[in-house]
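Here's the structure we're looking at; comments come further down.
Each chain gets a letter, A, B and so on, in the order the sequences are listed, and its residues count up from 1.
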Protein chains: 2
Amino acid sequence: MSSIREQHKIRTRRCILDSAVKLFSRKGFEQTSIEELAREAGIGKGTIYSYFETKRDIVKAFCDDQLDYARSELAAKTNPETPLIDQLMIIFMADFNYVTDHKEFGRVYLHEKVFPKEPLSEEDFQVQNDYFDMLYPIYRRAQERGELRTDLELLHISGHIYAIYLLMLTCWYTGMIATEDIGDAMRTMMIQTIEGLKP
Amino acid sequence: MSSIREQHKIRTRRCILDSAVKLFSRKGFEQTSIEELAREAGIGKGTIYSYFETKRDIVKAFCDDQLDYARSELAAKTNPETPLIDQLMIIFMADFNYVTDHKEFGRVYLHEKVFPKEPLSEEDFQVQNDYFDMLYPIYRRAQERGELRTDLELLHISGHIYAIYLLMLTCWYTGMIATEDIGDAMRTMMIQTIEGLKP
DNA sequence: AGAAAAAATCGACTGCGGTCGCCTTTTTTA
DNA sequence: TAAAAAAGGCGACCGCAGTCGATTTTTTCT
């Protein structure tokens with residue numbers, strides 16, 4: 001439809017996000033001011049707020065976009081017939097590497113998504129559901145192959161795996177585990193989760 | 001030693017924390033300004049910053065104090081000879097109830113502790129270690145009773161349980177699980193973690 | 001006790017996130 | 001194509017977190 005206007009808006013939005021990636025990565029999220037970001041993007045300060053409601057929303061928008069993209073890529077990378085643990089490692093290490101590559105973005109995003117001020121919006125839940133929808137077939141297939149109990153709900157299985165993922169994230173952010181050790185740690189914990197803690 | 005001065009400082013600190021609990025609980029953390037807090041506490045704005053480095057540190061100090069207290073209480077409540085799952089429920093539901101009672105404090109605290117901007121300080125690690133020290137005997141005793149595998153490191157066992165605790169917290173903050181359902185959900189997930197996901 | 005030193009209190013000030021109303025650009029209407 | 005309407009861009013302005021140096025209170029020294 002409206003060509004000039006729409007195209008320009010898309011370009012400006014991209015430009016803000018690109019500038020944000022550049023500055024937040026270099027100087028940190030809190031250390032970068034909106035005015036600075038506006039200058040880098042070559043626009044006025046107020047304009048940024050007609051694209052994003054808050055400074056954090058810039059991070060949220062960027063991460064949502066990236067995750068969308070990353071997950072669409074993943075469908076190609078995982079083979080549903082390989083052992084469950086291998087598939088899980090591919091999926092969750094991809095997410096994890098994204099975080100290690102964008103520490104500041106990941107931190108702000110996780111604050112909002114994991115311990116939000118208000119319960120998640122309908123839209124945010126949708127993002128989460130899309131995520132589960134991607135994983136459910138994998139778990140179901142693993143159940144069929146006898147790798148997972150069939151008396152457990154898929155939601156619970158997803159929860160256990162997600163819990164380990166969260167644990168790895170916090171271990172990394174707190175400095176308890178070094179970046180290069182995360183892969184091993186995650187594999188160990190996921191295997192233990194599958195096998196159980198009791199003798 | 002110095003009586004008047006020290007006593008007065010302790011009283012002022014307490015007063016700031018009390019005012020913070022009152023205002024943050026009533027109006028929310030972000031919605032309460034430092035000036036307002038200073039007024040409530042009957043002191044100047046600048047004074048608050050000679051007791052706490054940042055607004056968030058007020059929350060951190062309060063929560064650290066409370067957790068210290070809560071954990072010392074717990075030693076009395078738990079009987080190391082009862083089944084592991086019962087002990088875990090007592091400990092983690094106590095922590096959890098504290099969070100539900102102080103949602104705003106918990107949220108800010110969790111942001112700082114779970115996904116911190118900088119790796120945790122030596123002091124913060126100590127708090128975490130104290131926590132583990134409290135739990136290790138429980139896990140070790142459960143291993144001796146044959147409730148837990150003995151080939152797993154206690155650190156890993158602690159990790160699995162903590163992961164479930166984090167999961168419950170995020171489910172609550174995101175609105176995915178209602179307050180009254182948390183107990184059941186946590187018990188279910190912990191039992192599954194102990195039993196394992198594979199057939 | 002009185003002077004000097006040390007510690008604590010304070011609020012004006014700075015910088016930043018976010019708002020708002022005015023101005024410019026684009027689109028629609030006739 | 002010209003005028004009206006709509007949308008977008010903008011930066012001065014507001015409120016608040018956090019700073020700093022001047023002032024008051026307490027402690028120490030002689």
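Salt-bridge annotation for A:Arg145 and A:Glu81: present, with a side-chain N of the basic residue lying under 4.0 Å from a carboxylate O of the acidic one. A salt bridge does not link B:Lys22 with B:Asp18: every distance from a Lys NZ or Arg NE/NH1/NH2 to an Asp or Glu carboxylate oxygen is 4.0 Å or more.
Rounded to whole Å, the distance from OH on A:Tyr51 to C1' on D:dC10 is 12 Å. Distance, A:Arg5 CZ to D:dG8 C1': 5 Å, rounded to whole Å. Regarding B:Leu23, its CG atom lies at a distance of 16 Å from the C1' atom of D:dA17, rounded to whole Å. Put simply, CD1 on B:Ile48 is 18 Å from P on D:dC20, counting in whole angstrom units. In this structure, the CD atom of B:Gln7 is 15 Å from the C1' atom of D:dT27, given to the nearest Å. Rounding to whole angstrom units, CZ of residue B:Arg39 and P of D:dG15 are separated by 13 Å. Atoms CG (B:Leu37) and P (D:dG15) sit 19 Å apart, rounded to a whole Å. Put simply, CD1 on B:Ile10 is 15 Å from C1' on C:dA8, counting in whole angstrom units.
Using modelled atom types, no side-chain atom of A:Arg187 and backbone atom of A:Ile85 make a donor-acceptor pair closer than 3.5 Å.
Within the nucleic acid shown, B:Phe52 has no heavy atom closer than 4.0 Å to any nucleic acid atom.
For C:dC10, one of the phosphate oxygens OP1 or OP2 lies less than 4.0 angstrom from a side-chain nitrogen or oxygen of B:Thr47. Phosphate proximity of C:dA7 to B:His8: absent, as no side-chain N or O sits under 4.0 Å from OP1 or OP2.
Two rings, from B:His102 and B:Phe24, have their centers 6.0 Å or more apart.
Comparing D:dG8, D:dT26, D:dC10 by their closest approach to the side chain of A:Ile43 singles out D:dC10.
Listed by first residue number, the stems of DNA chain D with at least three Watson-Crick or G-U pairs below 3.5 Å are C:1-30 with D:1-30.
Under the 30°/60° scheme for interplanar angles, the aromatic rings of B:His111 and A:His111 are found to lie parallel.
Minimum interatomic distance between A:Phe29 and A:Glu104 (heavy atoms only, all atoms of both residues): N-OE1, 2.6 Å. When all heavy atoms of B:Ser158 and B:Phe132 are compared, the pair lying nearest together is CB-CE2, 3.9 Å.
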Review point. Under the side chain to side chain donor-acceptor pair (under 3.5 Å) criterion, do B:Tyr51 and B:Asp57 qualify, and how do the steps go?
Key: CA-CA 9 Å; B:Tyr51 287 83; B:Asp57 276 348; over 6 Å; no
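If you check the side chains of A:Asn79 and A:Thr82, you find no donor sitting under 3.5 Å from an acceptor.
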Check your understanding: In B/S/- notation, 5' to 3', how is nucleotides 13-19 of chain C contacted by protein heavy atoms closer than 4.0 Å?
Key -> ---SBBB
